[in-house]
*Asks:* 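Got a structure for you, written out below as C-alpha coordinates; questions coming shortly.
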2 protein chains.
Amino acid sequence: MSQSSLKQEIRRRAKNFQRVRAAHQTEVAEDYVELIDDLIAETGEARVVDLADRLGVTKATVNNTVQRLVREELATSQPYRSIFLTPKGQSLARKSRKRHELVRDVLVALGVDEETADADAEGIEHHVSKETLAAFRKFLGRGE
Amino acid sequence: MSQSSLKQEIRRRAKNFQRVRAAHQTEVAEDYVELIDDLIAETGEARVVDLADRLGVTKATVNNTVQRLVREELATSQPYRSIFLTPKGQSLARKSRKRHELVRDVLVALGVDEETADADAEGIEHHVSKETLAAFRKFLGRGE
DNA sequence: TGACAAAGTTAGCTATGACTAACTCTGTGG
DNA sequence: CCACAGAGTTAGTCATAGCTAACTTTGTCA
(Lines give C-alpha, C1' and ligand atoms only; values in the text may rest on other atoms or scores of the structure.)
Protein backbone atom coordinates (compact mmCIF):
# COMPACT_ATOMS: atom_id res chain seq x y z
CA MET A 1 0.00 0.00 0.00
CA SER A 2 1.32 3.45 -0.95
CA GLN A 3 2.03 6.15 1.59
CA SER A 4 -0.90 8.30 0.52
CA SER A 5 -3.47 5.51 0.49
CA LEU A 6 -2.19 4.43 3.89
CA LYS A 7 -2.90 7.93 5.16
CA GLN A 8 -6.33 7.80 3.55
CA GLU A 9 -7.03 4.49 5.22
CA ILE A 10 -6.02 5.92 8.58
CA ARG A 11 -8.30 8.90 8.05
CA ARG A 12 -11.16 6.65 6.98
CA ARG A 13 -10.87 4.59 10.12
CA ALA A 14 -10.60 7.68 12.30
CA LYS A 15 -13.82 8.99 10.75
CA ASN A 16 -15.43 5.69 11.54
CA PHE A 17 -14.48 5.88 15.21
CA GLN A 18 -15.87 9.39 15.24
CA ARG A 19 -19.11 8.11 13.73
CA VAL A 20 -19.41 5.45 16.42
CA ARG A 21 -18.83 8.05 19.14
CA ALA A 22 -21.49 10.27 17.60
CA ALA A 23 -23.92 7.34 17.54
CA HIS A 24 -23.48 7.03 21.27
CA GLN A 25 -24.85 10.47 21.81
CA THR A 26 -28.04 9.60 19.97
CA GLU A 27 -28.51 6.22 21.63
CA VAL A 28 -29.88 7.54 24.85
CA ALA A 29 -32.34 9.79 23.06
CA GLU A 30 -33.54 6.89 20.92
CA ASP A 31 -34.02 4.61 23.90
CA TYR A 32 -36.01 7.24 25.75
CA VAL A 33 -38.35 8.23 22.92
CA GLU A 34 -39.02 4.59 22.11
CA LEU A 35 -39.90 3.88 25.74
CA ILE A 36 -42.00 7.02 26.07
CA ASP A 37 -43.93 6.01 22.97
CA ASP A 38 -44.42 2.49 24.35
CA LEU A 39 -45.62 3.77 27.70
CA ILE A 40 -48.12 6.15 26.16
CA ALA A 41 -49.45 3.30 24.01
CA GLU A 42 -49.62 0.88 26.95
CA THR A 43 -50.72 2.99 29.86
CA GLY A 44 -51.87 6.28 28.36
CA GLU A 45 -49.00 8.33 29.75
CA ALA A 46 -45.23 8.38 30.20
CA ARG A 47 -44.22 9.07 33.79
CA VAL A 48 -40.75 9.69 35.12
CA VAL A 49 -41.05 6.85 37.61
CA ASP A 50 -41.97 4.33 34.92
CA LEU A 51 -39.16 5.38 32.65
CA ALA A 52 -36.78 5.09 35.61
CA ASP A 53 -38.02 1.57 36.42
CA ARG A 54 -37.78 0.38 32.85
CA LEU A 55 -34.36 1.90 32.18
CA GLY A 56 -32.88 0.87 35.50
CA VAL A 57 -31.88 4.39 36.51
CA THR A 58 -33.08 6.85 39.14
CA LYS A 59 -35.82 9.42 38.66
CA ALA A 60 -33.22 12.17 38.88
CA THR A 61 -31.37 10.73 35.89
CA VAL A 62 -34.60 10.49 33.91
CA ASN A 63 -35.33 14.11 34.70
CA ASN A 64 -31.97 15.25 33.41
CA THR A 65 -32.32 13.31 30.21
CA VAL A 66 -35.89 14.41 29.58
CA GLN A 67 -34.66 17.98 29.82
CA ARG A 68 -32.18 17.20 27.09
CA LEU A 69 -34.96 15.68 24.96
CA VAL A 70 -37.01 18.84 25.43
CA ARG A 71 -33.99 20.95 24.47
CA GLU A 72 -33.61 18.83 21.34
CA GLU A 73 -37.32 19.19 20.59
CA LEU A 74 -38.02 15.48 20.81
CA ALA A 75 -40.32 15.74 23.84
CA THR A 76 -42.39 18.20 25.81
CA SER A 77 -43.03 18.34 29.53
CA GLN A 78 -44.63 20.58 32.11
CA PRO A 79 -43.54 20.45 35.75
CA TYR A 80 -45.15 17.56 37.65
CA ARG A 81 -46.88 16.34 34.51
CA SER A 82 -46.21 13.37 32.30
CA ILE A 83 -44.04 13.48 29.21
CA PHE A 84 -45.14 13.72 25.60
CA LEU A 85 -43.34 13.35 22.30
CA THR A 86 -43.17 15.99 19.63
CA PRO A 87 -43.85 14.83 16.06
CA LYS A 88 -40.09 14.67 15.62
CA GLY A 89 -39.84 12.51 18.74
CA GLN A 90 -42.62 10.23 17.52
CA SER A 91 -40.99 9.73 14.19
CA LEU A 92 -37.66 8.91 15.87
CA ALA A 93 -39.45 6.47 18.19
CA ARG A 94 -41.05 4.62 15.32
CA LYS A 95 -37.89 4.51 13.29
CA SER A 96 -36.03 3.15 16.32
CA ARG A 97 -38.61 0.49 17.03
CA LYS A 98 -38.65 -0.73 13.43
CA ARG A 99 -34.89 -0.91 13.40
CA HIS A 100 -34.84 -2.76 16.70
CA GLU A 101 -37.32 -5.32 15.39
CA LEU A 102 -35.41 -5.79 12.16
CA VAL A 103 -32.15 -6.41 14.00
CA ARG A 104 -33.84 -8.81 16.39
CA ASP A 105 -35.46 -10.72 13.53
CA VAL A 106 -32.16 -11.07 11.72
CA LEU A 107 -30.53 -12.44 14.86
CA VAL A 108 -33.37 -14.92 15.30
CA ALA A 109 -33.04 -15.95 11.66
CA LEU A 110 -29.35 -16.62 12.31
CA GLY A 111 -30.28 -18.99 15.12
CA VAL A 112 -30.11 -16.76 18.19
CA ASP A 113 -32.85 -17.47 20.73
CA GLU A 114 -35.53 -14.79 21.01
CA GLU A 115 -34.66 -13.43 24.42
CA THR A 116 -30.95 -13.07 23.63
CA ALA A 117 -31.78 -11.62 20.23
CA ASP A 118 -33.97 -8.98 21.80
CA ALA A 119 -31.32 -8.16 24.40
CA ASP A 120 -28.47 -7.92 21.90
CA ALA A 121 -30.59 -5.93 19.45
CA GLU A 122 -30.85 -3.23 22.09
CA GLY A 123 -27.12 -2.59 21.94
CA ILE A 124 -26.64 -3.32 18.24
CA GLU A 125 -29.49 -1.33 16.72
CA HIS A 126 -27.82 2.02 17.25
CA HIS A 127 -24.82 1.07 15.15
CA VAL A 128 -26.41 -0.34 12.03
CA SER A 129 -26.09 1.79 8.91
CA LYS A 130 -28.79 2.32 6.28
CA GLU A 131 -26.89 0.03 3.91
CA THR A 132 -26.76 -2.77 6.45
CA LEU A 133 -30.43 -2.33 7.31
CA ALA A 134 -31.23 -2.69 3.62
CA ALA A 135 -29.16 -5.89 3.45
CA PHE A 136 -31.02 -7.19 6.51
CA ARG A 137 -34.39 -6.54 4.89
CA LYS A 138 -33.31 -8.28 1.73
CA PHE A 139 -31.97 -11.23 3.72
CA LEU A 140 -35.31 -11.61 5.46
CA GLY A 141 -37.09 -11.35 2.12
CA ARG A 142 -38.83 -8.13 3.03
CA GLY A 143 -38.28 -6.19 -0.16
CA GLU A 144 -35.45 -3.77 -0.66
CA MET B 1 -49.76 -11.29 31.37
CA SER B 2 -50.01 -11.39 35.17
CA GLN B 3 -48.95 -8.53 37.39
CA SER B 4 -45.92 -10.35 38.72
CA SER B 5 -44.63 -11.49 35.36
CA LEU B 6 -45.13 -7.95 34.05
CA LYS B 7 -42.91 -6.73 36.86
CA GLN B 8 -40.37 -9.42 36.04
CA GLU B 9 -40.42 -8.38 32.41
CA ILE B 10 -39.82 -4.76 33.38
CA ARG B 11 -36.91 -5.78 35.59
CA ARG B 12 -35.47 -7.96 32.85
CA ARG B 13 -35.51 -5.09 30.39
CA ALA B 14 -34.04 -2.70 32.93
CA LYS B 15 -31.19 -5.15 33.51
CA ASN B 16 -30.66 -5.24 29.78
CA PHE B 17 -30.35 -1.46 29.53
CA GLN B 18 -27.90 -1.61 32.40
CA ARG B 19 -25.90 -4.24 30.55
CA VAL B 20 -25.75 -2.05 27.44
CA ARG B 21 -24.57 0.91 29.52
CA ALA B 22 -21.90 -1.24 31.11
CA ALA B 23 -20.75 -2.37 27.65
CA HIS B 24 -20.17 1.26 26.79
CA GLN B 25 -17.62 1.59 29.49
CA THR B 26 -15.60 -1.28 28.10
CA GLU B 27 -15.85 -0.20 24.47
CA VAL B 28 -13.23 2.46 24.67
CA ALA B 29 -10.81 0.15 26.42
CA GLU B 30 -11.37 -2.52 23.78
CA ASP B 31 -10.82 -0.11 20.91
CA TYR B 32 -7.61 1.16 22.45
CA VAL B 33 -6.02 -2.19 23.25
CA GLU B 34 -6.90 -3.51 19.80
CA LEU B 35 -5.27 -0.49 18.17
CA ILE B 36 -2.23 -0.63 20.44
CA ASP B 37 -1.79 -4.28 19.55
CA ASP B 38 -2.12 -3.47 15.82
CA LEU B 39 0.39 -0.64 16.02
CA ILE B 40 2.96 -2.74 17.83
CA ALA B 41 2.52 -5.45 15.20
CA GLU B 42 2.74 -2.98 12.30
CA THR B 43 5.32 -0.45 13.40
CA GLY B 44 6.99 -1.98 16.44
CA GLU B 45 5.55 0.50 18.91
CA ALA B 46 2.35 2.22 19.96
CA ARG B 47 2.76 5.99 20.19
CA VAL B 48 0.28 8.50 21.51
CA VAL B 49 0.33 10.48 18.28
CA ASP B 50 -0.51 7.41 16.16
CA LEU B 51 -3.35 6.37 18.42
CA ALA B 52 -4.69 9.91 18.26
CA ASP B 53 -4.53 9.95 14.45
CA ARG B 54 -6.21 6.59 14.10
CA LEU B 55 -8.94 7.28 16.64
CA GLY B 56 -9.63 10.81 15.45
CA VAL B 57 -9.01 12.42 18.84
CA THR B 58 -6.31 14.66 20.28
CA LYS B 59 -3.17 13.48 22.01
CA ALA B 60 -4.51 14.81 25.30
CA THR B 61 -7.52 12.54 25.03
CA VAL B 62 -5.32 9.56 24.28
CA ASN B 63 -3.21 10.35 27.32
CA ASN B 64 -6.22 10.42 29.60
CA THR B 65 -7.51 7.14 28.31
CA VAL B 66 -4.15 5.41 28.44
CA GLN B 67 -3.95 6.37 32.08
CA ARG B 68 -7.24 4.62 32.61
CA LEU B 69 -5.92 1.53 30.81
CA VAL B 70 -2.89 1.54 33.09
CA ARG B 71 -5.15 1.88 36.12
CA GLU B 72 -7.16 -1.11 34.86
CA GLU B 73 -3.94 -3.07 34.26
CA LEU B 74 -4.50 -3.41 30.55
CA ALA B 75 -1.47 -1.37 29.54
CA THR B 76 1.81 -0.02 30.86
CA SER B 77 3.54 3.25 30.06
CA GLN B 78 6.49 5.29 31.20
CA PRO B 79 6.58 9.05 30.67
CA TYR B 80 7.64 10.00 27.14
CA ARG B 81 7.81 6.35 26.12
CA SER B 82 5.54 4.29 23.94
CA ILE B 83 2.72 2.17 25.27
CA PHE B 84 2.68 -1.56 25.90
CA LEU B 85 -0.04 -4.06 26.72
CA THR B 86 -0.10 -6.26 29.78
CA PRO B 87 -0.95 -9.93 29.19
CA LYS B 88 -4.48 -9.04 30.24
CA GLY B 89 -4.50 -6.23 27.66
CA GLN B 90 -3.15 -8.53 24.95
CA SER B 91 -5.78 -11.12 25.60
CA LEU B 92 -8.52 -8.48 25.46
CA ALA B 93 -7.05 -7.15 22.20
CA ARG B 94 -7.09 -10.56 20.58
CA LYS B 95 -10.56 -11.35 21.78
CA SER B 96 -11.78 -8.01 20.44
CA ARG B 97 -10.15 -8.47 17.07
CA LYS B 98 -11.60 -11.94 16.61
CA ARG B 99 -15.03 -10.69 17.53
CA HIS B 100 -14.72 -7.75 15.16
CA GLU B 101 -13.75 -10.06 12.30
CA LEU B 102 -16.57 -12.46 13.04
CA VAL B 103 -19.16 -9.67 13.05
CA ARG B 104 -17.75 -8.23 9.84
CA ASP B 105 -17.79 -11.63 8.14
CA VAL B 106 -21.40 -12.22 9.13
CA LEU B 107 -22.41 -8.85 7.72
CA VAL B 108 -20.59 -9.62 4.48
CA ALA B 109 -22.29 -13.01 4.32
CA LEU B 110 -25.62 -11.19 4.65
CA GLY B 111 -24.78 -9.08 1.62
CA VAL B 112 -23.28 -5.96 3.15
CA ASP B 113 -20.32 -4.57 1.20
CA GLU B 114 -16.94 -5.00 2.86
CA GLU B 115 -16.24 -1.40 3.72
CA THR B 116 -19.66 -0.83 5.31
CA ALA B 117 -19.43 -4.18 7.07
CA ASP B 118 -16.12 -3.22 8.62
CA ALA B 119 -17.43 0.19 9.65
CA ASP B 120 -20.64 -1.17 11.20
CA ALA B 121 -18.79 -4.00 12.89
CA GLU B 122 -16.85 -1.39 14.84
CA GLY B 123 -20.00 -0.20 16.58
CA ILE B 124 -21.77 -3.55 16.75
CA GLU B 125 -18.99 -5.79 18.07
CA HIS B 126 -19.19 -4.42 21.59
CA HIS B 127 -22.81 -5.44 21.98
CA VAL B 128 -22.79 -9.03 20.79
CA SER B 129 -23.26 -11.65 23.49
CA LYS B 130 -21.46 -15.00 23.69
CA GLU B 131 -24.62 -16.77 22.58
CA THR B 132 -24.95 -14.59 19.50
CA LEU B 133 -21.26 -15.00 18.67
CA ALA B 134 -21.76 -18.76 18.82
CA ALA B 135 -24.74 -18.50 16.47
CA PHE B 136 -22.62 -16.36 14.11
CA ARG B 137 -19.86 -18.99 14.05
CA LYS B 138 -22.34 -21.72 13.35
CA PHE B 139 -23.97 -19.65 10.61
CA LEU B 140 -20.61 -19.19 8.91
CA GLY B 141 -19.90 -22.88 9.30
CA ARG B 142 -16.98 -22.33 11.63
CA GLY B 143 -17.71 -24.97 14.23
CA GLU B 144 -19.66 -24.26 17.39
C1' DT C 1 -60.31 18.50 54.19
C1' DG C 2 -56.08 17.59 55.21
C1' DA C 3 -52.29 13.97 56.13
C1' DC C 4 -49.39 11.44 53.75
C1' DA C 5 -47.55 8.45 50.22
C1' DA C 6 -46.11 8.58 45.79
C1' DA C 7 -44.28 11.23 42.18
C1' DG C 8 -41.45 14.80 40.58
C1' DT C 9 -37.71 18.15 41.12
C1' DT C 10 -33.38 20.26 42.52
C1' DA C 11 -28.73 20.54 44.20
C1' DG C 12 -24.49 18.78 44.43
C1' DC C 13 -21.31 14.99 43.67
C1' DT C 14 -18.60 11.55 40.56
C1' DA C 15 -16.39 9.60 36.30
C1' DT C 16 -15.81 9.50 31.40
C1' DG C 17 -14.28 11.41 27.45
C1' DA C 18 -13.85 15.07 24.57
C1' DC C 19 -11.45 19.74 23.75
C1' DT C 20 -7.61 23.77 23.68
C1' DA C 21 -3.55 25.94 25.18
C1' DA C 22 0.62 25.91 27.16
C1' DC C 23 4.08 23.51 28.75
C1' DT C 24 8.25 19.86 28.83
C1' DC C 25 10.94 16.23 26.97
C1' DT C 26 13.39 13.60 23.24
C1' DG C 27 16.17 12.80 19.70
C1' DT C 28 18.07 14.04 15.38
C1' DG C 29 20.21 16.80 11.53
C1' DG C 30 23.19 20.63 10.41
C1' DC D 1 26.55 19.46 20.19
C1' DC D 2 22.76 21.84 20.37
C1' DA D 3 18.51 24.03 18.15
C1' DC D 4 14.31 22.84 17.25
C1' DA D 5 10.56 20.07 15.49
C1' DG D 6 7.87 16.68 16.87
C1' DA D 7 6.07 13.95 20.58
C1' DG D 8 4.26 13.76 25.08
C1' DT D 9 2.19 15.86 29.20
C1' DT D 10 -0.51 18.87 32.16
C1' DA D 11 -4.02 22.10 33.43
C1' DG D 12 -8.34 23.71 32.92
C1' DT D 13 -13.00 23.59 30.48
C1' DC D 14 -17.25 21.40 28.88
C1' DA D 15 -21.21 18.00 28.22
C1' DT D 16 -23.10 13.60 29.24
C1' DA D 17 -24.84 10.53 32.28
C1' DG D 18 -24.99 8.45 36.35
C1' DC D 19 -25.74 8.78 41.66
C1' DT D 20 -27.80 10.32 46.59
C1' DA D 21 -30.20 13.27 49.55
C1' DA D 22 -33.36 16.58 50.40
C1' DC D 23 -36.87 19.04 48.89
C1' DT D 24 -41.79 20.21 46.68
C1' DT D 25 -46.04 18.97 44.49
C1' DT D 26 -49.99 16.12 43.61
C1' DG D 27 -53.78 13.62 44.47
C1' DT D 28 -56.27 10.35 47.15
C1' DC D 29 -58.76 8.36 50.97
C1' DA D 30 -60.08 8.15 55.87
Side-chain angles (χ1 to χ4, degrees), chain A residues 7 10 14-33 35-36 39-40 43-72 74-84 122-123 126, chain B residues 7 10 14-33 35-36 39-40 43-72 74-84 122-123 126:
Chain A
K7 272 187 192 160
I10 288 172
K15 282 247 164 89
N16 194 37
F17 279 116
Q18 288 174 329
R19 198 185 44 70
V20 173
R21 287 197 298 271
H24 281 215
Q25 301 207 311
T26 66
E27 282 187 41
V28 175
E30 289 174 347
D31 289 342
Y32 271 71
V33 295
L35 250 184
I36 291 168
L39 282 169
I40 291 174
T43 72
E45 61 177 354
R47 301 186 310 165
V48 172
V49 69
D50 293 328
L51 285 169
D53 280 354
R54 282 174 157 74
L55 290 163
V57 299
T58 63
K59 293 181 292 173
T61 298
V62 170
N63 242 291
N64 275 338
T65 308
V66 167
Q67 273 168 25
R68 176 154 80 88
L69 298 183
V70 170
R71 210 188 320 140
E72 292 172 1
L74 292 166
T76 58
S77 77
Q78 285 86 44
Y80 299 103
R81 289 288 170 251
S82 62
I83 298 144
F84 297 94
E122 189 56 56
H126 306 286
Chain B
K7 273 188 193 159
I10 287 172
K15 282 248 164 88
N16 194 38
F17 280 115
Q18 288 174 328
R19 199 185 44 69
V20 173
R21 288 196 297 271
H24 279 243
Q25 301 207 310
T26 66
E27 281 187 41
V28 174
E30 290 174 347
D31 289 341
Y32 271 72
V33 295
L35 250 183
I36 291 168
L39 282 169
I40 291 173
T43 72
E45 63 176 353
R47 301 186 311 164
V48 172
V49 68
D50 292 328
L51 285 169
D53 280 354
R54 282 175 157 74
L55 291 163
V57 299
T58 63
K59 294 180 292 174
T61 298
V62 170
N63 242 292
N64 275 339
T65 308
V66 167
Q67 272 168 25
R68 177 154 79 88
L69 298 182
V70 170
R71 208 186 325 139
E72 292 172 2
L74 293 167
T76 58
S77 77
Q78 285 86 44
Y80 300 102
R81 290 285 170 256
S82 63
I83 300 144
F84 297 94
E122 188 56 56
H126 306 286

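Chain identifiers are assigned alphabetically (A, B, ...) following the order of the sequence lines, protein sequences preceding nucleic acid strands; residue numbering begins at 1 within each chain. This is a predicted model, so every value here is computed, not measured.
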*Asks:* For the residue pair I83(A) and L51(A), establish whether any side-chain heavy-atom pair is separated by less than 4.5 Å.
*Replies:* yes
*Asks:* Hey, does V62(B) reach any base, or is it just sugar-phosphate, or nothing, if we go heavy atoms under 4.0 Å?
*Replies:* nothing
*Asks:* Take atom CD of E27(B) and atom P of dA17(D), then tell me their distance rounded to the nearest Å.
*Replies:* 13 Å
*Asks:* To the nearest Å, give me how far apart CD (Q25(A)) and P (dA18(C)) are.
*Replies:* 10 Å
*Asks:* Let me see the working for L74(B) and I36(B) under side chain to side chain contact (heavy atoms under 4.5 Å, CB included), right down to the final yes or no.
*Replies:* CA-CA 11 Å; L74(B) 293 167; I36(B) 291 168; over 6 Å; no
*Asks:* Please tell me which of the listed nucleotides, dA17(D), dC19(C), dG18(D), lies nearest to the side chain of V57(A)?
*Replies:* dG18(D)
*Asks:* At under 4.0 Å between heavy atoms, which parts of nucleotides 3-12 of chain D does protein reach? Answer with one letter per nucleotide, 5' to 3': B base, S sugar-phosphate only, - none.
*Replies:* ----BBBB--
*Asks:* Compare all side-chain heavy atoms of V57(A) with those of F17(B) and state whether any distance is below 4.5 angstrom.
*Replies:* no
*Asks:* Check whether any side-chain N or O of T58(B) sits under 4.0 Å from OP1 or OP2 of dC19(C), and answer yes or no.
*Replies:* yes
*Asks:* Grab the CZ-C1' distance between R21(A) and dA17(D) for me, whole Å please.
*Replies:* 18 Å
*Asks:* What is the distance from atom NE2 of H24(A) to atom NE2 of H126(B), rounded to the nearest 0.5 Å?
*Replies:* 7.0 Å
*Asks:* Rounded to whole Å, how long is the line connecting atom CD of E45(B) with atom P of dG27(C)?
*Replies:* 10 Å
*Asks:* In whole angstrom, what separates H24(A)'s NE2 from dA15(C)'s P?
*Replies:* 22 Å
*Asks:* Starting from P on dG8(C), measure out to CG on D53(A) and report it in whole angstrom.
*Replies:* 10 Å
*Asks:* Quick one: are V48(A) and V66(A) in side-chain contact, heavy atoms under 4.5 Å?
*Replies:* no
*Asks:* Considering just the side-chain nitrogens and oxygens of T61(B), establish if one lies under 4.0 Å of OP1 or OP2 belonging to dG17(C).
*Replies:* no
*Asks:* How many whole angstroms separate atom CD of E72(B) from atom C1' of dG17(C)?
*Replies:* 13 Å
*Asks:* Which heavy-atom pair separates Y32(B) from L55(B) by the least distance, and what is that distance?
*Replies:* CZ-CD1, 3.4 Å
*Asks:* Side chain to side chain contact (heavy atoms under 4.5 Å, CB included) for D53(B) and K7(A)? Distances and angles first, verdict last.
*Replies:* CA-CA 10 Å; D53(B) 280 354; K7(A) 272 187 192 160; over 6 Å; no
*Asks:* What is the separation between atom CG on L51(A) and atom C1' on dG8(C), rounded to the nearest whole Å?
*Replies:* 12 Å
